[in-house]
Amino acid sequence: MSFTVEETKIKLQSTGDDLVFFVNGKKITEKNAEPEITLLTYLRRSLGLTGTKLGCAEGGCGACTVMVSKYHPHQNRIIHHAVNACLAPLCSLHHCAVTTVDGIGSVASKLHPVQERIAKAHGSQCGFCTPGIVMSMYALLRNNPRPSMHEIQEAFQGNLCRCTGYRPILEGYRTFTKDVGCCGGKGQTNGCCMTNGHIQEHDNSTLPAQKLYDQSEFILSKQPQRELRFVGERVLWIQPYSLKELLELKATYPNAKLVVGNTEVGIEMKFKNLLYPVILAPAYIPELNIIQHTQDGIQVGASVTLTLLGDVLRAAVKKLPAHQTEVFEAVLEQLRWFAGQQIRNVAAVGGNIMTASPISDLNPVFMAAGCKLTVMSKGEKRVLEMDDKFFPGYRKTILKSEEILLSIDIPYTRKGQYFSAFKQSPRKEDDIAIVTCGMNVLFKEKSNIVQSIRISYGGMAPVTVLATATCNRLLNRQWNEELLEQACTSLAEEMSLSPSAPGGMVTYRRTLTISLFYKFFLTVQHKLALDLRMEGVTVEDVRAEYATATELFQLDSPSSVQLYQAVPPGHNNDDVVGHPIMHLSALKHATGEAIYCDDIPYYENELHLALVTSIKAHALIKSIDTSDALAVPGVVAFISAKDIPGSNLTGPVVYDETVFADDKVTCVGHIVGAIVADTQAHAQRAAKDVKISYEELQPVIVTIQDAIANKSFYQPVRSIERGDVAQGFKDSDHILHGISYLINCPNANNVMCLPQALVAKALGVPANRVVCRVKRMGGGFGGKESRSTILSTVVAVAAHTVKQPVRCMLDRDEDMLVTGGRHPFFGHYKVGYMNNGRVMALDVMLYSNAGNSLDLSLSILERALFHMDNSYNIPNIHGTGYMCKTNLPSNSAFRGFGGPQGMMIAESWMSDVALSCGLPAEEVRRMNMYKEGDFTPFNQRLDQFTIDRCWEECMQLSDFNKCKEALEQYNRQHRWTKRGLSIIPTKFGISFTAVFLNQAGALVHVYSDGSVLLTHGGTEMRQGLHTKMVQVASKTLGIPCSKIHITETSTNTVPNTSPTAASASSDLNGMAIYNACQTLLQRLQPYKDKNLKGCWEDWVKAAYFHRVNLSANGFYKTPDLGYDFDTNSGRPFNYFSYGVAVSEVEIDCLTGSHKNLHTSIVMDVGKSLNPALDIGQVEGGFMQGLGLFTLEELRYSPDGYLYTRGPGMYKIPSFGDIPIELKVSLLRDTPNEKAIFSSKAVGEPPLFLAASVFYAIKDAIIAARAESGLTGPFRLDSPATPERIRNGCEDKFTKLCPPADPGTFTPWAVQV
């Protein structure tokens, strides 16, 4: 019997049970538990615990990590696990205890050591991800008080951080390990938790365990359960207590979803707009939690979590002989890289099977092993083999609708049987597979003749498949080179893919099927040779130079060195400039007490807004039907262009955008309207119900090549020329042509006056009626200067229309859809050079993909042209820049602002010149570098030029020459792994190229008790700007930092602020603060003169009683700036920041994966205001650049649809991506007379140094290509993803999978 939708609705009108659980030791009884609400929403909205953050809503970033404790009846113990609160359904927490970052310590009371050490080790910058990282570490220590470094790294697989570069987090937490422990202050280095602030008592243990629950209440979980029902608005949640009850419920509700971890169903309901009216939660049913050792293997219940499965298999591997546990080892290898710890802690093995994902990590292993599945319904129990018939179609299994998966039998292997599993993904940690596979071979006794073989792949079809034809061809064959050749040829035929296949990367995926089999072949060949040798049979072993192809990826513990110039002895203790003091908000970051925009408490009558966006890239809007949307409960209004009281035109520089699309949309994600409702869930649900009909327009221009073909450009076209380029080419020995692509990555708002002005324009009011405030920013995937205005204007219009406060917090997927990213660049260059590598002439054309509006694209293109030389003196140079107008969301400012794109193209032609000459790249680079007093292409003289010093020190710091010798020897000895080495300089101009922006204001209040309130025009978004500004004020006024406070940045304290951008914020705002403080000191001077023995408070009090104004505003503008493109004259930059990096990598030539082995960085930051913050910026910028050049890639369909909308598909660097050895040195004795206290800008310049990793990868590919007889220049676009690395390492396997000819098919994704 099955219920209809109407009958289910009647059921939903009945009352449900009370949900009882604990949060931070406090009992919570929720009488109306809503099945659709997550734990995160409940914590933040119902309990006001905002320390736990919403980062992605898909379990991919770890910002929402909390610890859940529960009694597990089948393990007979209380277990503590880190989980993603954004996925954990509230209703799954009955009789559980939740611990959040708010509950383990606070600044006001006492911090937990986990919180204290991350803060004092400088492991927090923007601080948004910090609570999640703290809770991952806390949960680990709760289970294991003395973890190893490897266990700490594993605990962080599900956590991301965009700012810090990860190194200081690991260094801070290294003090908890059994091998290291806290130094107790004996180290007193930059990474020591006691270097900062006042010294407190430390011990090497955690605090006493917090009370998580009331024992008498918690013990109820041990008693026999009864069925629980929680009734929601649209969903009925049933938690049955027995298998019999579950089977009856499944018969009653055959379409009901079974949910244990909610790691799949939660994603489907949120992002795929699916609704499951009935959810069954079988997590505690004994039969589904069985773990039983049988004669043939281990039987595992379908509700067993992946973490527990791993524990069970690890124990079996330790206990049983190796030949029995080959499948177990393979499952464990897949589990190492399966999502993050938070997902593995809740995701069930049965859920992984029944989800039937074509890229499942485990299903190919289970299929290759021939695992048996026990399934049940109310009247039947049957056993199925997991074979190629089990998945009849995409996301489907052969189970009947009323059946459930009860358990899986994972078999033992036997002597002569070998099993391997492989997974290839863009990033090693917490990533979805590109191709995954399980391979199983059994040999005839005491021979190398194949008796049976089974190979299964994921990622090669809509379902997990068996390579049946290939396997049949290999039966009764000897395991030798002839078999290998036959297998590879057969796999190339059998594992074919349409060139338009979903997921793209078709050539790479096809090559992987062969490459991974080759790894299996070598692995088996080696094991077989060893095993048969013991039986007295000799067969060929693996050649020594091939051995690394059989090694599993191991993550080494990182080590690091940070060097900076210490403050000389005898320095005034109150003068903290130059000291590595902690970020002023770091402790609040670590406790979750730091307030971000969405943490601001609710107004009583507050409403929520959700955007309605276009699904077409270029179309007319024919009609908008809001009837279904307005019928959703709680919906108040639909807002569109007709509701705007002022002007619909908007834009940061020119008004070429609209607040709401009026009659036409020009990109997917174009904002058409907005829904305002009582909750975010209602608003988002209603927004999806708005129906828009379109009339599509042509052409749809998505890529730079489309724009070039259609001559779709914004004006003006910019160019810079110096010398005689034509003559330079005539004088050159050789001329080389090349192209280079840099793909874009997504971009938080850092400018105050722009939203103020554009909101005022939209509302038709003067700017003085609009106040913008920001305390801090965090959780963005980068920094963009202007794109928050598309949201602030919409929300302002909505609030004006409904006359109530309106809040909008974009989910990560919405943010990435509407706000664009860094500009993709295409460079075409012609370079003339001499035989010795000296470059004589360069002609380069730069094309940037600007998107559907101009935004800041002109300034970005100009900066790219200003950096087209990087650090090289080219006597004859000409550069031209075009801005492509396309049907993508407008691209915008991102760390580097065009500079990295220009420099990357420069390094591309420099690399080609070195390759063409057959000379070492480092020699060619060094030969062409600028010297003191040289002039740039834009005729600015280079003074205080320190790149040569940075270069020499970096060569020494990295031991470059010794490294290179060792690398060359390694490459001679290894065929399938290669190492590469590169040294890259950077020269980054500091100033806004728009001259009027080089100004800043500050306001300083001194109160009668001597305390100081500081306000300036910069925003705090990670970089420690407020901390540095307090240091500047402290030094200028001669008072301790403890007397100075910054509240927030707001337009009603400092007007007309410039963006916190161009790396110039410390320079500009620091000088403005210095100016204000000097004014105050002049006013106080008479009182100091009268009372020389007095203190600060005495002088302030005396001035106050004499009615002296103790408030001053300061102002600063950078002198002597301005550049004219027409005459190529002027001075665009105040000065330059310099740096050099050396990086060494190791690539896997068969898969394209790479390891970052070593990086050394020497950075000129002048006389550092705060070495800890500056080193943090260098490391963080470097890691962001590492993502830009090796990982991050927005992928669009040919119709302009963005596939990569969150951490599930868009990969930023993780903990495992940091170089195993990282050395950072700040150049000594380099005061910069052109900035506050001789410092230099540090925010953007280090990012490009990650290009050293890219060119080290290219160096390794060169070595791999040489094995195939390939030499000379070749194209490697950025980012150097595994796909591009593997395709670059051409060999006999890639030749079996030639790409389809362009133009003969429609690709799944295009290079924009």
Side-chain angles (χ1 to χ4, degrees), residues 54 57 270-271 273 597-598 602-603 605-616 619 621 623-651 657-694 749 755 758-764 770 772 787-820 852-853 889-890 1205:
L54 172 63
K270 180 164 183 63
F271 296 105
N273 211 22
C597 183
D598 199 40
Y602 274 61
Y603 290 93
N605 59 339
E606 187 171 293
L607 298 172
H608 292 259
L609 181 142
L611 298 176
V612 176
T613 57
S614 167
I615 58 169
K616 300 294 181 183
I621 297 173
S623 65
I624 301 174
D625 180 1
T626 61
S627 54
D628 288 349
L630 294 174
V632 171
V635 170
V636 173
F638 172 74
I639 311 293
S640 63
K642 63 180 174 51
D643 297 299
I644 295 175
S647 171
N648 193 27
L649 291 176
T650 189
E657 301 181 55
T658 55
V659 178
F660 294 108
D662 206 348
D663 55 354
K664 186 166 81 169
V665 294
T666 53
C667 70
V668 175
H670 201 148
I671 298 172
V672 177
I675 290 287
V676 180
D678 59 344
T679 67
Q680 184 184 32
H682 284 153
Q684 289 178 334
R685 191 199 310 169
K688 291 170 183 172
D689 285 342
V690 174
K691 296 179 177 63
I692 305 172
S693 62
Y694 303 92
N749 179 55
L758 295 180
V759 165
K761 188 174 189 296
L763 297 182
V770 178
C772 290
R787 298 314 292 167
S788 73
T789 58
I790 64 175
L791 188 61
S792 55
T793 47
V794 167
V795 175
V797 169
H800 178 273
T801 303
V802 299
K803 301 295 187 283
Q804 286 176 245
V806 174
R807 177 185 301 243
C808 181
M809 164 76 169
L810 293 180
D811 283 344
R812 177 68 68 209
D813 63 310
E814 298 170 312
D815 177 34
M816 292 182 72
L817 173 67
V818 303
T819 57
N852 70 336
S853 72
S890 190
R1205 296 190 183 185

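Residues: numbered from 1 along the sequence shown.
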Subject >> Flag, side chain of Thr613 to backbone of Gly669, donor-acceptor distance under 3.5 Å >> reply: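 A pair under 3.5 Å: no.
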
Can you find a heavy atom in the side chain of [X] that is under 4.5 Å from one in the side chain of [Y]?
X: Cys597; Y: Met809; answer: no
X: Ser792; Y: Val759; answer: yes
X: Val659; Y: Leu649; answer: no

Restricting to non-hydrogen atoms, name the atom on [X] and the atom on [Y] that form the minimum distance, rounded to 0.1 Å.
X: Leu609; Y: Cys808; answer: O-SG, 3.4 Å
X: Phe660; Y: Thr658; answer: O-OG1, 3.1 Å
X: Ser788; Y: Pro755; answer: OG-CG, 4.2 Å
X: Ala798; Y: Val676; answer: CB-CG2, 3.9 Å
X: Ala762; Y: Val797; answer: CB-CG2, 4.2 Å
X: Val794; Y: Ile790; answer: CG2-O, 3.2 Å

Within this structure, what is the [atom1]-[atom2] distance for the pair [X] and [Y], rounded to the nearest 0.5 Å?
X: Asp815; Y: Arg1205; atom1: CG; atom2: CZ; value: 12.0 Å
X: Leu758; Y: Thr789; atom1: CG; atom2: OG1; value: 5.5 Å
X: Gln804; Y: Asn605; atom1: CD; atom2: CG; value: 5.0 Å
X: Lys803; Y: Leu607; atom1: NZ; atom2: CG; value: 13.0 Å
X: Ile675; Y: Gln684; atom1: CD1; atom2: CD; value: 12.0 Å
X: Ile671; Y: Leu611; atom1: CD1; atom2: CG; value: 4.5 Å

Original post:
Ion pair present between Asp598 and Arg807, side-chain N to carboxylate O less than 4.0 angstrom?
Top reply: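 Answer for the salt bridge query: yes.
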
**OP:** Mark yes when over 12 heavy atoms from residues, nucleotides or ligands other than Tyr602 sit less than 6.0 Å from its OH; otherwise mark no.
**Re:**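 Buried by this count: over 12 neighbours within 6.0 Å.
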
Can you give each donor-acceptor pair under 3.5 Å made by side-chain atoms of residues 661-668, sequence neighbours left out, with the distance rounded to 0.1 Å?
{"residue": "Thr666", "atom": "OG1", "partner": "His670", "partner atom": "ND1", "Å": "3.4"}
{"residue": "Thr666", "atom": "OG1", "partner": "Asn852", "partner atom": "ND2", "Å": "2.9"}

**OP:** Kindly determine whether Thr650 and Thr793 satisfy side chain to side chain donor-acceptor pair (under 3.5 Å), including the steps that lead there.
**Re:** CA-CA 9 Å; Thr650 189; Thr793 47; 5.3 Å; no

Original post:
Looking at residues at least two apart in the chain, or sitting in another chain, which of them share a salt bridge (Lys or Arg N to Asp or Glu O under 4.0 Å) with Asp811?
Top reply: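 For Asp811, the residues satisfying salt bridge (Lys or Arg N to Asp or Glu O under 4.0 Å) (neighbours in sequence not counted) are Lys270.
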
**OP:** With sequence neighbours excluded, tell me which residues meet salt bridge (Lys or Arg N to Asp or Glu O under 4.0 Å) with Lys616.
**Re:**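 Expected list: Glu696.
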
Side-chain donor/acceptor pairs under 3.5 Å, residues 626-641, sequence neighbours excluded:
{"residue": "Ser627", "atom": "OG", "partner": "Asp625", "partner atom": "OD1", "Å": "2.7"}
{"residue": "Asp628", "atom": "OD2", "partner": "Lys691", "partner atom": "NZ", "Å": "2.5"}

**OP:** Mind checking ring pair (Phe, Tyr, Trp, His ring centres under 6.0 Å) for Phe271 and listing every partner two or more places apart, or none if nothing turns up?
**Re:**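 Phe271 satisfies ring pair (Phe, Tyr, Trp, His ring centres under 6.0 Å) with no residue once adjacent residues are dropped.
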
Subject >> Under the ring pair (Phe, Tyr, Trp, His ring centres under 6.0 Å) test, residues paired with His682 that sit two or more places apart >> reply: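 Here no residue qualifies.
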
Original post:
Passes side chain to side chain contact (heavy atoms under 4.5 Å, CB included), Val672 versus Ile692? Steps please.
Top reply: CA-CA 9 Å; Val672 177; Ile692 305 172; 3.9 Å; yes

Original post:
Given the rule in the side chain to side chain contact (heavy atoms under 4.5 Å, CB included) test, do Ile624 and Val612 qualify, once you have shown the distances and angles that lead to the verdict?
Top reply: CA-CA 11 Å; Ile624 301 174; Val612 176; over 6 Å; no

